[in-house]
Amino acid sequence: MKYSGEREHLAKEKKAANKDQSSIEDFFGSKHRDEDAQNDEPPAPVYGVVEANPRASPPPAPPKPEPAQEEQASAEEEYAEEVAEEVAEEAEVITEVRVADSDTPQDLPSSFLLSVDYAGQQRKAIARLYEPKSKNLYFWLDNTGHYPYCYTDLPAQAVEKIDRIRRHSGFMRTETVQLLDLLHDQQKSMTKVLAGDPLSIGGSSGSIREMLVQDGVSHAWEANIRYRNCYTYDRDIVPGLMYKIERGNLVLSSSKTDDKIIEEFRKTVQDEEGVEKLVSRYAPVFFTDVPDIRRVAVDIEVFAPVKNRVPDPATANYEVIAVGLADNEGHDKCLVLKRKNHPEGKKGNDFPANLEIVYFDKEVDMIQEAFRLIDTYPIVLTFVGDAFDLNYLYHRAERLGIDLKRNCPITLGKDMALLKRGIHVDLYKFLKNPSIRIYALSGAYEQNNLDAVAKGLLGVGKLGLSNDISGLPYLELAHYCWNDSSITLRITQFDSNLLLRLIVLLMRISRLSMEDVTRQGISSWIQSLFRQEHRTRKCLIPRQVDIETAKSSEAQTEAVIKDKRFKGAIVIEPVAGVHFNATVLDFASLYPTIMKRHNISYETVDCPHDECRNATDNRVPETSHWTCKKRRGMISQTVGFFRDTRVKWFKGRSKDASLDDKTRKWSSVVEKALKVFVNASYGVTGASHFELFCMPAAESVTAYGRNAILSTKARAESMGIRVLYGDTDSVFLDNPSREQQEQLVQWSRKELGIDLEVDKTYKYVALSARKKNYIGVYKTGGVEVKGLSGKKRNTPDFAQAAFKRMLGVLSKVDSVDGFETAKVEIRDIVNQVIDRLEGRGEPYTPEEVAFRVQITKDLGQYGKTKPQHVRAALMLKAAGYDVPAGTIISYIKTKGDEGVLPVDLAQGKSYWLDKDKYIDTLHSVFEQVLDSVGLEFEELLGFTTLEQFF
DNA sequence: TATAGGCATACGATTGACCTCGT
DNA sequence: GCGAGGTCAATCGTATGCCT
């Protein structure tokens with residue numbers, strides 16, 4: 001059985017994709033999970049062979065604190081705990097890579113670097129490389145003698161005087177190094193403490209990191225960086241780029257890109273000193289193509305005795321009945337387990353001709369064969385494989401007595417399943433990432449289950465079923481199972497391998513391996529990117545506490561919204577009513593531009609230089625912050641470079657009809673990847689968990705933003721143009737002339753240094769008195785709806801449908817008088833709906849009147865207030881349904897004790913719809929539009945309803 | 001085990017004015 | 001005259017979804 005993140009029956013038809021409509025530019029969505037934080041388990045006793053626990057401990061046990069030191073030690077431990085709360089722990093992952101001698105060649109032609117890991121057994125960094133000609137995977141073990149380390153500001157002699165460090169089994173030696181401390185803009189002498197293995201530095205109790213604590217203050221820097229990343233940064237290795245092995249050494253393959261193109265690119269984006277280094281370093285990242293890496297998608301089906309119950313991978317109680325495999329070279333296979341008296345069934349019409357079915361009498365044999373196949377691929381794709389498919393296979397194999405060490409290609413980490421040879425990519429995690437869903441894929445799917453994602457991206461969904469999975473005849477089961485893996489594969493293939501290329505580009509920019517980049521979110525990507533930037537520039541990576549000490553983490557501005565930490569954007573009060581010929585101007589990527597232009601970075605806001613502190617032309621509006629005039633901010637410069645690269649080079653090329661298809665497609669992928677980083681750069685600066693979190697920088701960005709929109713509004717008004725509305729980076733102008741528009745654009749470029757662009761002109765815009773709520777109608781008749789209840793996902797379909805019909809009527813209106821005609825048609829729509837609600841027409845189905853609201857946390861987490869959707873969820877749970885966080889609950893409102901009834905429980909049950917509640921819903925959906933066009937809901941109501949009141 | 005803040009809506013929970021009742 | 005207990009509207013607080 002396939003486990004999907006959301007309940008599938010709740011899948012809603014994808015909203016009409018209206019390209020004009022998406023203006024979620026520049027900002028973001030919500031959440032991501034960190035992959036493998038794991039702090040509470042004791043170190044495993046055996047070294048190097050522990051597969052289920054990524055925190056295997058080094059061979060000799062760490063020394064125990066001596067009795068005399070116990071008191072101090074416990075104080076340190078206490079402190080360590082406190083620190084652990086503040087700073088997100090990054091658990092070290094010790095991989096058990098299965099390497100044969102033949103896999104580690106002394107020479108290898110140009111190959112793509114897929115990952116860098118720490119090999120526990122060899123105690124070295126290990127790289128996985130994909131050689132595109134042979135389509136095979138090769139390994140390379142570090143031969144440079146690189147060791148794990150951290151820094152401390154204690155002098156080397158002082159470090160070596162600390163008994164517990166000197167006698168630590170992992171301790172090797174110290175070195176004194178000079179690093180640039182950006183926060184104080186000075187060279188700093190630091191002691192590098194080297195160890196024989198990563199866990200001696202940090203991540204195990206009694207590690208060196210914890211011994212560099214004096215008087216409750218930590219003196220360790222860069223001690224929580226995972227070794228595989230540390231190695232990557234130090235060697236300036238770019239995962240996703242081409243490397244070759246020459247006489248045992250790993251060396252970068254020079255790029256094949258045309259020098260003329262690079263030169264043109266350089267000229268286009270290099271507008272200031274210092275950028276040439278960035279151009280040289282990043283050119284291979286942006287201009288090296290990505291091959292069609294050999295890969296297979298895997299999906300399994302498990303026998304399930306109870307309906308609606310997903311088999312638990314941890315216990316793996318039930319037999320695996322099918323394993324589907326689809327690779328990108330046209331091999332399509334399904335392994336099927338023979339069961340007693342089970343029907344074979346018939347091949348349906350759309351049964352793929354080349355799908356090979358292999359029957360097994362014994363489950364053990366089937367799983368072994370699946371393992372054998374999986375182990376031959378460089379990349380294995382799944383959908384929810386971390387939590388289900390691979391996890392289930394692992395535990396099932398264990399249960400069946402398969403020798404896991406020798407015959408199972410899977411190793412389990414916390415919340416993930418990895419492979420001993422290849423790379424496992426769980427597309428569920430990657431596609432759920434809001435940065436990917438919203439920015440890279442323009443919100444093509446709303447829910448994260450395979451069916452919804454496939455429909456949104458490929459236009460095809462899962463197969464319909466004639467029965468429970470467990471009851472399907474063999475052929476139908478095989479078809480279904482293989483189809484899921486085939487869809488999973490095709491998600492990485494559509495649009496010339498868009499998703500695969502995107503993953504590789506994100507690897508290159510973030511410097512993370514494929515396994516990490518597909519599991520982590522934007523804040524980890526950006527963190528990794530800037531760690532590399534620090535290392536490359538020989539700068540010390542600051543700790544959160546360092547930034548907080550150097551500049552306050554208290555905001556100087558007060559948020560408008562309760563519980564928010566600093567002031568954000570401005571929304572201009574809308575002029576309620578209908579406005580013909582409204583033109584919208586907006587700033588092109590406002591916040592990134594501000595960061596670039598005003599040199600905003602954690603080290604350059606409130607910098608340590610007196611001359612900057614006392615200058616007058618560098619003050620941040622509304623605050624007492626200032627920006628640095630002496631040094632270019634690292635984040636400011638990098639984000640500025642990415643932004644310019646995207647806007648000035650790749651964005652235009654992705655739509656340029658004069659270019660060949662290949663260049664256009666590639667440009668579009670690079671443009672999408674850059675968009676993700678550029679748009680999130682402000683957000684992470686203001687995120688308190690981010691390594692480089694900096695309150696002064698975050699509130700400076702929004703302060704400049706408010707300044708920009710307010711001064712633009714003032715400027716427009718001084719030109720005699722009425723400003724109808726505006727939100728963050730846009731102004732709606734009342735019928736401005738072409739000259740006026742042009743004048744404003746020029747003014748903005750000159751005075752603000754920000755590109756103001758003419759975005760669109762509406763035939764008319766209907767503004768309500770509410771902010772973030774309006775309808776805009778284009779001259780072509782297209783309608784854009786923002787914020788109104790009628791388009792919200794939780795609004796029942798019957799109301800959404802009626803709302804849509806109303807929009808159809810409104811889109812035809814051409815003048816003020818037109819609304820009178822529209823009124824008659826809208827009255828008709830309203831009365832038809834009310835008739836059906838009141839039983840005078842065809843009654844609505846439960847699905848049509850269902851409210852769909854998400855359970856955002858575990859049911860037990862809800863406190864005193866029990867909203868309707870939670871009550872409905874509790875009813876479902878009582879009926880035996882699985883209701884994990886993230887489930888969208890469909891419920892109807894009824895007259896009765898509970899007031900709600902889940903749609904799933906409505907079948908065969910008698911209930912009374914709470915008709916009044918539904919008329920209220922319709923009322924509020926329509927009113928939001930009607931009040932702005934000068935109509936009232938009440939006057940639309942026909943006699944049918946009024947009669948009943950009087 | 002989270003990239004930001006600003007805004008609208010629905011509805012549950014709490015508060016407090018007001019009333020009735022019983023002694 | 002007073003306190004207990006009930007009703008109901010106003011107000012506060014929580015939850016969700018959306019905008020940029």
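In what follows, chains are A, B, ... by sequence order, proteins preceding strands, each numbered from 1. Scope of the values below: all heavy atoms of this structure, side chains included, with no hydrogens, waters or symmetry mates. Keep in mind that this is a model prediction, so the values were computed, not measured.
- Picking from B:dC7, B:dA10, C:dT16 the nucleotide with the shortest atom distance to the side chain of A:Tyr862 gives C:dT16.
- Side-chain proximity of A:Lys893 to the nucleotides B:dA4, B:dC11, C:dT20 is greatest for B:dC11.
- Nearest to the side chain of A:Gln868, among B:dT3, B:dC11, B:dG5, sits B:dC11.
- Taking atom CZ on A:Phe677 and atom P on B:dA4, their separation rounds to 17 Å, with Å as the unit.
- Put simply, A:Arg565 has a side-chain N or O that comes within less than 4.0 Å of OP1 or OP2 on B:dG5.
- With A:Tyr862 as the aromatic partner, A:Lys857 meets the cation-pi criteria of under 6.0 angstrom to the ring centre and within 45 degrees of the ring axis.
- When the nucleotides B:dA2, B:dG12, B:dT1 are ranked by their closest atom to the side chain of A:Asp415, B:dT1 comes out on top.
- In this structure, A:Asn773 places its CG atom 16 Å from P of C:dG17, rounding to the nearest Å.
- Counting only heavy atoms from C-beta on, A:Thr856 has its side chain closest to C:dT16 among B:dA8, B:dG5, C:dT16.
- Residue A:Ile561 contributes atom CD1, which lies 15 Å from atom P of C:dT14 at whole-angstrom precision.
- Contact check for A:Asp759 versus A:Leu585: no side-chain heavy atoms found under the 4.5 Å cut-off.
- What separates NE2 of A:His869 from P of C:dA15 is a distance of 9 Å, to the nearest Å.
- In this structure, A:Tyr774 and A:Phe732 have perpendicular ring planes: the angle between them is above 60°, well past the 30° mark.
- When all heavy atoms are compared, the tightest approach of A:Tyr778 to A:Thr761 is CD2-O, 3.8 Å.
- For A:Asp727 and B:dG6, the CG to C1' distance is 8 Å, given to the nearest whole Å.
- Rounded to whole Å, atom P of C:dC19 lies 15 Å from atom CG of A:Asp759.
- In the interface, the side chain of A:Lys772 is paired with the base of C:dC19 through a donor and an acceptor atom under 3.5 Å apart.
- Going from atom CD1 of A:Ile709 over to atom C1' of B:dG5 covers 14 Å, rounded to whole Å.
- The side chain of A:Lys414 has B:dT1 as its nearest neighbour among B:dT3, B:dA10, B:dT1.
- As a whole-Å value, the separation of A:Asn794 CG from C:dC18 P is 6 Å.
- Candidate nucleotides B:dC7, B:dA10, C:dT16 were compared by shortest atom distance to the side chain of A:Ser924, and B:dA10 ranks first.
- Note: A:Thr604 OG1 to A:Met634 CE = 10.5 Å, rounded to the nearest 0.5 Å.
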